[in-house]
Amino acid sequence: MNILVDQDGPLADFEGEFHRRWRETYPDRHHIPPAERRVFKLNEEYGPEHSAAADEIVLTRGFFRDLPPVPGAVEAMETMLAAGHDVRICTAPVKLSLFCVGEKYNWVRQHLGQYWMSRVIISSDKTFVYGDYLIDDKPDITGAIEPAWEHVIYEAPYNRHANGGRRLASWKDWPQLIG
Ligand SMILES: [Mg+2]
């Protein structure tokens with residue numbers, strides 16, 4: 001199988017790091033714990049009053065570098081590869097960030113190892129990327145063409161409403177999903 005895995009969400013804990021930084025930067029402001037998030041886009045969830053501040057946290061140097069690995073993610077990537085699957089990291093850049101792409105590569109080197117750097121595919125339109133599955137936390141993935149892959153939703157509080165399709169609640173469940 002050709003398996004594409006999104007980086008932010010399934011592999012790197014974007015939500016946890018954002019919340020930690022938000023609380024640290026704005027201790028007196030309203031905050032939304034990751035478990036209570038309801039909308040995929042952070043700046044929409046935080047509303048017009050706080051959206052610029054939310055964006056600024058994500059655009060800060062070091063944000064993508066510091067994302068903690070999701071429990072079990074690194075092991076699952078290694079195990080899927082060892083099982084003979086062609087596993088790739090398929091990630092869309094935060095286009096306005098000066099640091100996102102470089103830091104994403106560096107994150108892969110640091111947590112998965114240098115070998116995996118050549119398995120990174122950065123694309124703003126994932127429908128152009130070939131695969132059997134795309135494991136991704138974004139509820140609705142659209143693009144210019146009909147994708148070859150089947151979207152497997154990596155579960156998160158903000159994608160519970162998404163209809164149909166396969167879902168992955170935790171990395172320990174991947175063998176049932178792909179097998
Ligand atoms: Mg994601």
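Atoms considered below: every heavy atom in the structure, side chains included; atoms not considered: hydrogens, waters and symmetry mates. Just so you know, ligand 1 is whichever comes first in the structure, and atom 1 is the first atom listed for that ligand. What you see is a predicted model, and the numbers here were worked out from it, not measured in a lab.
- Salt bridge absent: Glu45 and Lys41 never bring a charged side-chain N and a carboxylate O closer than 4.0 Å.
- Partners of Lys138 according to the side-chain hydrogen bond (donor to acceptor under 3.5 Å, both in side chains) rule, which considers only residues two or more places apart in sequence or in another chain, do not exist here.
- Residues Asp125 and Thr127 bring a donor and an acceptor atom of their side chains to less than 3.5 Å of each other.
- The two residues His50 and Arg29 make their nearest non-hydrogen contact at ND1-NH1, 3.2 Å.
- Looking only at distances, no side-chain donor or acceptor of Trp116 sits under 3.5 Å from a matching main-chain atom of Glu78.
- Here the Mg ion (ligand 1) has protein N, O or S atoms under 2.8 Å from it, and they come to 3.
- Remark: aromatic rings of Tyr46 and Tyr26 are distant, center separation not under 6.0 Å.
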